[in-house]
Q: 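Below: one structure in structure tokens.
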Amino acid sequence: MDQVSVTPADVSPLRLTEHPLQRSGAWAVAVLAGCDRVEDVTAELLDGVVRRIMADVVEAAIARPDTGAYDWWKVLFALYPNSKPTHAKREKDRTVLSHEVAQLFLSDDGEGTARACTFCGRQCTVLWAKSTLPMFDSIRSLNTLPPGTAGWPVCRGCRVALWALPYGAWLTAGSATVLMCDNPFVERQFAARNVRRSEQIRGAGFTSLPAMAGPESVTLRVLREHAADAPAATSLWMFKNDNQEPWLRVSGTRTGVARFVHRMQADPDCAQGWNELCSNLARRDRQGRAAVDGATAAARLLFDREGERSDRLPRELRTQCGDWEKVSRLTRVRWRALCRLYAEVMYDMDSDRLEPVAELLASWIAQESHRGRFNDYCRAAGNGYQLHRLLMTTSASLRLRGVPQKALDAATLSDLLANGSRGWLDRALLFFEVSAKLDAKKVPIGAKKDDNEDESEAEGEIGFGRPSDDEGEEYA
């Protein structure tokens with residue numbers, strides 16, 4: 001009889017499923033076990049991870065409020081608010097509490113009715129309910145058991161993964177964010193960064209961490225590092241699971257974002273334009289402390305809320321240019337390059353098709369060469385109907401003066417004047433094309449700003465936030 005080859009996946013006690021929370025926890029287990037793949041986690045390695053989790057849980061449950069371990073208890077409370085280690089009346093004796101926590105991760109005893117694990121499908125007999133599952137009652141992710149049901153069947157591997165979740169998630173004291181991606185290397189690296197960050201939280205608490213990059217910024221950094229791989233889409237699940245107001249928010253990047261980030265890094269104008277946008281979006285409080293991380297705020301512009309295609313980056317770039325006096329010519333050049341690259345990568349769009357429309361508007365503004373006509377254009381630039389009216393007025397004015405005009409393509413005009421994100425994208429592109437035309441015509445609009453100050457900025461790594469070792473808790 002031929003021998004059957006046994007692969008690691010056949011013997012591993014842990015499987016990678018399509019459930020975002022179990023998946024994030026499974027990657028965290030792999031990182032804690034020192035494995036590159038989830039299927040490489042052996043029973044012995046899983047036992048080691050269990051001991052690590054148990055020790056951290058017990059330490060957090062008995063910690064004083066002024067310690068880092070107590071901040072880890074806040075994390076656990078936000079995810080498992082009704083569990084024995086987080087309950088207000090929890091046992092404070094280390095030995096007793098250790099025994100109670102150990103019960104969570106016992107192997108199936110084989111007694112009772114065997115059922116398929118809710119997450120991975122393995123046969124198991126242990127049932128878990130809301131007190132130990134990091135899920136919640138909502139329209140999006142139900143955790144309400146049918147009447148007469150004791151719990152959901154969960155195998156040991158998945159039970160461990162669900163309590164390893166905090167290590168692999170991006171955390172605040174009240175919420176967690178997990179990542180799903182078509183590229184497993186991105187998922188593992190996201191989890192690995194968060195495992196390192198969790199060590200800082202348990203050691204010195206959230207207050208020891210600077211208010212730096214959030215999960216979106218971390219995701220872009222990881223996507224950039226794996227840009228040579230097949231481009232992949234991502235999905236972020238941010239959730240809170242306490243007993244008061246649980247919620248779930250889902251956002252994600254399209255496949256094109258990975259290509260965009262890669263191309264942006266390779267283009268000096270785009271890379272510097274992105275860094276300038278990050279700088280503009282950063283905010284500080286009255287004490288001068290970082291209140292909003294600019295890299296995170298910029299990264300969020302590349303994430304769509306579930307079911308939407310918002311294309312917020314071009315719109316934000318257009319908004320940032322609203323005050324002409326505060327934006328240098330060089331910055332406008334860089335943001336134009338960034339906007340054009342976005343349109344090309346995300347929509348395979350040729351921005352040059354807007355050139356006749358841009359020339360029409362720039363010629364009309366240049367006739368008076370002052371701020372009035374430019375302001376008229378700015379007021380109409382964001383609205384398809386108003387822009388249509390302005391284009392008709394502009395064309396008629398130039399025709400009366402005998403100024404030659406290029407023919408305007410009907411399909412281009414239709415896209416430009418449309419509602420929705422596509423129309424907004426075209427109108428943002430047009431704004432930068434008009435700006436470039438006005439610069440080329442040397443039309444003196446607004447106060448002149450010394451562009452040399454931009455050139456003096458330090459050349460550095462593209463702004464996706466500092467590495468996760470230094471990332472803080474802030475998530476505005």
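As the structure is a computational prediction, the values presented were derived from the model and not from experiment.
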Q: In a check of side-chain hydrogen bond (donor to acceptor under 3.5 Å, both in side chains) between Thr234 and each of Thr255, Thr253, Asp182, Asn183, which one passes?
A: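 Exactly one option meets the side-chain hydrogen bond (donor to acceptor under 3.5 Å, both in side chains) with Thr234, and it is Thr253.
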Q: Check Ala176 against Leu171 and note the closest heavy-atom contact, atom names and distance.
A: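 Residues Ala176 and Leu171, closest heavy atoms: CB-CD2, 3.8 Å.
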Q: In plain terms, say whether Arg353 and Asp409 are close enough for a salt bridge, that is, a side-chain N and a carboxylate O under 4.0 Å apart.
A: no
Q: Should Thr394 and Ser397 be marked as a side chain to side chain donor-acceptor pair (under 3.5 Å) after you check the CA-CA gap, both sets of side-chain angles, and the distance that decides it?
A: CA-CA 5 Å; Thr394 301; Ser397 174; over 6 Å; no
Q: So which atom in Asp311 and which in Asp304 form the shortest heavy-atom distance, rounded to 0.1 Å?
A: N-OD1, 4.0 Å
Q: Between Lys437 and Ala362, which heavy-atom pair has the shortest distance, and what is it?
A: CB-CB, 3.4 Å
Q: Please say whether more than 12 non-hydrogen atoms of neighbouring residues, nucleotides or ligands are located less than 6.0 Å from CZ in Phe185.
A: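 Atom CZ in Phe185 is not packed in, count stays at 12 or less.
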Q: Rounded to the nearest 0.5 Å, what separates atom OG in Ser24 from atom CH2 in Trp170?
A: 13.5 Å
Q: With the threshold set at 4.0 Å, does a side-chain nitrogen-carboxylate oxygen contact exist between Glu225 and Arg193?
A: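 Yes, this pair counts.
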Q: With the side chain counted from C-beta on, respond yes when Arg188 and Val31 share a heavy-atom pair under 4.5 Å apart, and no when they do not.
A: yes
Q: Between Leu277 and Arg334, does a side-chain contact (heavy atoms from CB on, under 4.5 Å) hold up when you go through it step by step?
A: CA-CA 10 Å; Leu277 177 63; Arg334 291 167 174 168; over 6 Å; no
Q: With a 4.0 Å cut-off, would you call Glu39 and Arg15 a salt bridge?
A: no
Q: Does Phe206 form a side-chain contact (heavy atoms from CB on, under 4.5 Å) with Val75? I'd like the steps, not just the answer.
A: CA-CA 10 Å; Phe206 284 109; Val75 169; 3.8 Å; yes
Q: Roughly how far, to the nearest 0.5 Å, is CH2 of Trp247 from OG of Ser175?
A: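 Between Ser175 OG and Trp247 CH2, I get 4.5 Å after rounding to 0.5 Å.
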Q: What's the shortest heavy-atom distance between Val443 and Ala366, and which atoms?
A: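 For Val443 versus Ala366, the nearest heavy atoms are CG2-CB, 3.7 Å.
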Q: Any Lys/Arg nitrogen of Glu306 or Arg249 sitting under 4.0 Å from an Asp/Glu carboxylate oxygen of the other?
A: no
Q: Would Lys441 and Glu359 pass as an ion pair if we require N to O under 4.0 Å?
A: yes
Q: Side chains of Thr219 and Leu179, heavy atoms from C-beta outward: is any pair under 4.5 Å?
A: yes
Q: Tell me if the centroids of the rings in Tyr80 and Trp163 come within less than 6.0 Å of each other.
A: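 Ring-ring flag for Tyr80/Trp163: true, centres closer than 6.0 Å.
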Q: Step by step, work out the side-chain contact (heavy atoms from CB on, under 4.5 Å) result for Leu430 and Leu416.
A: CA-CA 8 Å; Leu430 178 63; Leu416 181 65; 3.8 Å; yes
Q: Please walk me through it: do Glu216 and Thr296 pass side chain to side chain donor-acceptor pair (under 3.5 Å)?
A: CA-CA 6 Å; Glu216 294 92 347; Thr296 297; 5.7 Å; no
Q: For residues Leu317 and Leu301, determine if any side-chain heavy atom of one lies less than 4.5 Å from a side-chain heavy atom of the other.
A: no
Q: Take Tyr377 and Trp364, measure what ring pair (Phe, Tyr, Trp, His ring centres under 6.0 Å) needs, and give me the verdict at the end.
A: CA-CA 10 Å; Tyr377 167 61; Trp364 176 72; 8.5 Å; no
Q: Which residue, Arg427, Met392, Arg379, forms the side-chain contact (heavy atoms from CB on, under 4.5 Å) with Leu387?
A: Arg427
Q: Looking at CG of Asn383 and CZ of Arg389, how far apart are the two atoms once the value is rounded to the nearest 0.5 Å?
A: 10.5 Å
Q: Do Trp27 and Phe190 touch side chain to side chain, with heavy atoms closer than 4.5 Å?
A: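 Heavy-atom side-chain distance check fails, nothing below 4.5 Å.
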Q: With the side chain counted from C-beta on, respond yes when Leu220 and Val257 share a heavy-atom pair under 4.5 Å apart, and no when they do not.
A: yes
Q: Would Thr177 and Phe239 count as a side-chain contact (heavy atoms from CB on, under 4.5 Å) if you check the C-alpha gap in whole Å, the side-chain angles of each, and the deciding distance to 0.1 Å?
A: CA-CA 6 Å; Thr177 303; Phe239 66 98; over 6 Å; no
Q: Is the shortest distance from a Lys or Arg side-chain nitrogen in Asp71 or Lys74 to a carboxylate oxygen in the other one below 4.0 Å?
A: yes
Q: So which heavy atom on Gly157 is nearest to which on Leu14, and how close?
A: O-CD1, 3.3 Å
Q: Would you give the length of the straight line joining atom OG of Ser435 to atom CG of Leu361, rounded to the nearest 0.5 angstrom?
A: 11.0 Å
Q: Between the side chain of Ser12 and the main-chain N/O of Val41, is any donor-acceptor distance below 3.5 Å?
A: yes
Q: Should the pair Arg52-Asp56 be classified as a salt bridge under the 4.0 Å nitrogen-to-oxygen rule?
A: yes
Q: How about Asp352: does its CG atom have over 12 heavy atoms from other parts shown lying under 6.0 Å from it?
A: yes
Q: Quick one: do Arg336 and Asp439 make a salt bridge, cutoff under 4.0 Å?
A: no
Q: Check this for me, if you would: do Arg37 and Asp40 make a salt bridge, where the nitrogen-to-carboxylate-oxygen distance has to be below 4.0 angstrom?
A: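 Salt bridge present between Arg37 and Asp40.
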Q: Is any side-chain heavy atom of Tyr342 less than 4.5 Å from a side-chain heavy atom of Leu302?
A: yes
Q: What verdict does the ring pair (Phe, Tyr, Trp, His ring centres under 6.0 Å) test give for Phe77 and Trp72, after you've listed the backbone C-alpha separation in whole Å, the side-chain angles of each residue and the deciding distance to 0.1 Å?
A: CA-CA 9 Å; Phe77 178 76; Trp72 192 248; over 10 Å; no
Q: Side-chain contact, heavy-atom cut-off 4.5 Å: Trp274 with Leu313?
A: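 When only atoms from C-beta onward are counted, Leu313 and Trp274 do touch, with a gap below 4.5 Å.
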Q: I need the single residue from Arg318, Arg340, Arg332 that forms a salt bridge (Lys or Arg N to Asp or Glu O under 4.0 Å) with Glu433. Which is it?
A: Arg340
Q: Give, for atom CZ of Arg122 and atom SG of Cys120, the distance between the pair rounded to the nearest 0.5 Å.
A: 5.5 Å
Q: Can you check whether Phe303's main-chain N or O pairs, donor with acceptor, with Arg312's side chain at less than 3.5 Å?
A: yes
Q: Is it the case that the side chain of Trp335 and the backbone of Gly273 share a donor-acceptor pair, with hydrogens and angles ignored and the cut-off at 3.5 Å?
A: yes
Q: Closest approach of Ala191 and Ala28, non-hydrogen atoms and distance?
A: CB-N, 4.3 Å
Q: Would you compute the distance between atom CG of Asp426 and atom OG of Ser351 and round it to the nearest 0.5 angstrom?
A: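 It comes to 8.0 Å.
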Q: I need the single residue from Gln320, Glu276, Gln272, Lys326 that forms a side-chain hydrogen bond (donor to acceptor under 3.5 Å, both in side chains) with Thr331. Which is it?
A: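 Of Gln320, Glu276, Gln272, Lys326, side-chain hydrogen bond (donor to acceptor under 3.5 Å, both in side chains) with Thr331 is met by Glu276 alone.
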Q: Are any non-hydrogen side-chain atoms of Leu425 and Arg315 less than 4.5 angstrom apart?
A: no
